[in-house]
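Written out below as structure tokens is the structure these notes cover.
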Amino acid sequence: MAKKYKLKKSIKEPEPSFKINYEEELNEAQHKAVAITDGPVLVIAGAGTGKTRTLVYRVAKLVESGINPESILLLTFTRRAANELLRRASSILDERCSKVAGGTFHSFANTILRKYAGLIGFNTNFTILDNSDAEDAINVIRTQLGFHKKEKRFPKKATIRKVISKSINKSCTIELVVKEDYPQFIVNLSDLQKINEHYKLYKKAKSIMDYDDLLVYLKILLEENNVVRTRLSNFYKYILIDEYQDTNKLQARIACLLASEHQNIMVVGDDSQSIYAFRGANFKNIMEFPKIFPDTKIITLEENYRSTQPILDLTNEIIRYANEKYPKNLFTKREGTQKPVFIEAENDNYQSQFIVQRVLELREEEIPLNDIAVLFRAGWLSNDLEIELKNHNIPFVKHGGFKFIEAAHVKDVIAHLRVVFNPLDAVSWHRILLLIEGIGTKTANDIITEIVDKNKGLGFFKVNRFFSRKYGGNLNRLGSTIKELTSEEISPAEQIVILLEYYKPLFEKKYDDFNKRQKDLESLVRIAERYNDLEHFLVDTTLEPLEASQVDVEVTDKEDEKLVLSTIHSAKGLEWHTVFIIFLVDGYLPSTYSLDSDENVEEERRLLYVAATRAKENLYLLKPELEYSGRNYFEHSYLGFSEVSRFLNEGDILEKYVERWSLIDEQE
């Protein structure tokens, strides 16, 4: 009789049970992005559509699926963003999420290069230079090469570092950076290229790297050593990258090399928010991702949780005219019927007056100051508004550039005006004397003793022993200028125009980036045109200890609030109840400097899109008329613009998607 052998029923492995109900926690598109485990995925996350939430749940899902957290690599642009994302993932799942390899591209590069430094010619204990250290190293090389002895002006060490860094991050030549940003130094091009080559050799010989080298050498390591590339790619089996539209060519190449063995890479970003080309961000990275990874699944997040539908209708329309984009149409379930408001103001001061009045009204409606923002294309565009806010005691904080009156070049000009008003102002004398080449602290103090302590005042400039020194001619020119400014017949604006003719060569010598700063000085003239006497102009524009004076007032939480002034670049990722976008003039947004190429104009379009999508409830679009008078005291002086931004002039945007307001004086 045959022996019986019992066949056991095969037991099917149960589906993994998840602690988190992902379908319930996420909307359909978010869940789709989270549910995909393998293969390349591109998530186009429109503004306010829960990008971070999607990444948080993606990390949790991978970990909960049994994937080793240490084999998951999350790359972000700030350490804080990575830490916050993993903290949130841990809070919804468990502490396993904290073991995910999260950080910035640079911190990840540092970790890997420490391990494989010998393969790229460095010691494992290589040191990393911060920007200040890098400038000092460049200065050593500049001195060794003898460029510090040049008779003609040579770029400062900080400028040289910026040129080298920008050429790396933009993957372009030193020549292109100099031509675009520092054209006055094109005559020094070969010297700058020589410094760059010696700087590379200097760092390698001493086993030091600067911040940019971390990316450069990681890319070299991955490209030139297949064993290391394969090992790393097989270890980091799942790669997630946030804000992919902000990556430069180096970072995108590193990401592709790390995913080369498995292609399990998810990148999240918004092509419509790619606005950092000046830092090296490459718009093509996100657009060409599906070409690099042909099997890419594209998921678009379109449900917005921030803005009302009328605001989204406008932003959808602005980006609809973009030449190259991933199609998306933002929508929301939030209620709201108020269209964005468009205002053509009589001039830039009317624009400022409207904002001040509307901010005060919103404050009465219990909207906190820090939930209101004024956004602009460039830092100098808030100059007039800053004076108006100060005059109304509205506290503000500014992101992206110095506060107008705190900028060094503006303080230089104000210091000259203060000695005109008060010839015994020793502090201001000290500042303006040090601007003259050859005058140091000791000489400045000696001159101040004659003017102030001996009470000679402007009489000092008649005849004195200092005029025989090498700086005597410039000192005499200063005296002549100040005497001309003391005439009672000229207005503050005329005084500044005269003063700028004297200050221009000093200004251009002191600041390598003077071409970016001169707009502030032109603003100063326009602001001064509203004043009839120097005293009131100085009272309104000279820094006062506003914060100190407010201590005497009854302090409440509300007194600590500050209105936000910000460049659009600095506002990305933030949101406010009410947003004002100012100077929507063609030539300002888009900037006149962008008009040389369609690609640059398109980035300006994305800037407006980013600005408008910051608003939750109220959006005000302001376009002032611009009429300026005064001498042409700079070679590249301001050219007047008056047409509304081309991005608002397309289709029927101004007819269908905004509500027009007109400003009238109360007496009318």
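Being a predicted model, the structure only gives us computed values, none of them experimental.
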field: Short side-chain to backbone donor-acceptor contact, Y511 and Q518, under 3.5 Å
entry: no
task: Please report the closest heavy-atom contact between L434 and A444, naming both atoms and the distance.
output: CD2-CB, 4.1 Å
query: Quick one: are the ring centres of Y276 and F77 less than 6.0 Å apart?
result: no
- prompt: Has R606 got its NZ or CZ under 6.0 Å from the middle of the six-membered ring of F283, at an angle within 45 degrees of the ring axis?
  reply: yes
- prompt: Rounded to the nearest 0.5 Å, how far apart are CG of L381 and OH of Y588?
  reply: 6.0 Å
message: Any side-chain to backbone donor/acceptor pair from S167 onto T173? Under 3.5 Å, distance only.
response: no
statement: The single option from L648, I568, I319, I275 that satisfies side-chain contact (heavy atoms from CB on, under 4.5 Å) with L608 is L648
Backbone N/O of H106 and side chain of N110: donor-acceptor pair under 3.5 Å: no
- prompt: Rounded to the nearest 0.5 Å, how far apart are CG of L74 and OH of Y236?
  reply: 12.0 Å
task: May I ask you to check whether S594 and S591 show a side-chain donor-acceptor distance below 3.5 Å?
output: no
Contact list for residues 217-230, test salt bridge (charged side-chain N to carboxylate O under 4.0 Å, His left out), sequence neighbours left out: K219-E223, E223-R253, R229-E261
From D512 atom CG to K162 atom NZ, the distance as rounded to the nearest 0.5 Å: 8.5 Å
field: Backbone of V610 reached by a side-chain donor or acceptor of Q273 within 3.5 Å
entry: no
statement: For A571 and R614 the tightest heavy-atom approach is O-CD, 3.5 Å
- line: All heavy atoms of K623 vs all of L584, minimum pair found to be CG-O, 3.2 Å
Cation over ring face, K291 and F293, 6.0 Å, 45°: no
message: Rounded at 0.5 Å granularity, tell me how far CG in L240 sits from CG in L75.
response: 9.0 Å
Nearest atoms (heavy-atom pairs only) where A612 meets I581: N-CD1, 3.7 Å
query: Under 3.5 Å, is there a donor-acceptor pair linking the side chains of D210 and Y199?
result: yes
message: Please check this pair: side chain of N123 against backbone of N125, looking for a donor-acceptor N/O pair closer than 3.5 Å.
response: no
task: Check whether the side chains of S523 and N383 place a donor and an acceptor atom closer than 3.5 Å, and report yes or no.
output: yes
message: I'd like to know if the side chain of T76 and the backbone of T78 have a donor-acceptor N/O pair within less than 3.5 Å.
response: yes
field: Separation of L607 CG from F376 CZ (nearest 0.5 Å)
entry: 13.0 Å
message: On a heavy-atom basis, which atom in I496 and which in A528 lie closest, and how many Å separate them?
response: CD1-CB, 3.6 Å
query: Do we see a donor-acceptor contact under 3.5 Å between the side chains of N323 and D598?
result: no
task: Please answer whether the main-chain N or O of Y609 pairs with a side-chain N or O of T613 as donor and acceptor at a distance below 3.5 Å.
output: yes
query: When rounded to the nearest 0.5 angstrom, what distance separates CE in M287 from CG in D271?
result: 5.0 Å
query: Who pairs with F278 by ring pair (Phe, Tyr, Trp, His ring centres under 6.0 Å), at least two apart in sequence or on another chain?
result: H569
message: Under 3.5 Å, is there a donor on one side chain and an acceptor on the other for N139 and R142?
response: yes
message: Using modelled atom types and a 3.5 Å cut-off, is there a donor and acceptor pairing between side-chain atoms of N285 and backbone atoms of A252?
response: no
- request: Taking atom types as modelled, find out whether T443 and D446 have a side-chain donor-acceptor pair closer than 3.5 angstrom.
  value: no
field: Polar side-chain atom of Q251 near backbone of N248 as donor-acceptor pair, under 3.5 Å
entry: yes
message: Which heavy atom of L215 sits nearest to which heavy atom of I254, and what is that distance?
response: O-CD1, 3.7 Å
query: So, E604 side chain and L589 main chain: donor-acceptor pair closer than 3.5 Å or not?
result: no
task: With sequence neighbours left out, write down each residue that passes salt bridge (charged side-chain N to carboxylate O under 4.0 Å, His left out) with E324, or none if nothing qualifies.
output: K284
task: Report the C-alpha distance between S382 and K398 in whole Å, list the side-chain angles of each, state the deciding distance to 0.1 Å, and finish with yes or no for side-chain hydrogen bond (donor to acceptor under 3.5 Å, both in side chains).
output: CA-CA 9 Å; S382 68; K398 184 174 181 180; 3.1 Å; yes
message: Tell me if the aromatic rings of H416 and Y502 count as close, with their centers under 6.0 Å from one another.
response: yes
- prompt: Do the side-chain N and O atoms of S233 and T230 include a donor-acceptor pair separated by under 3.5 angstrom?
  reply: no
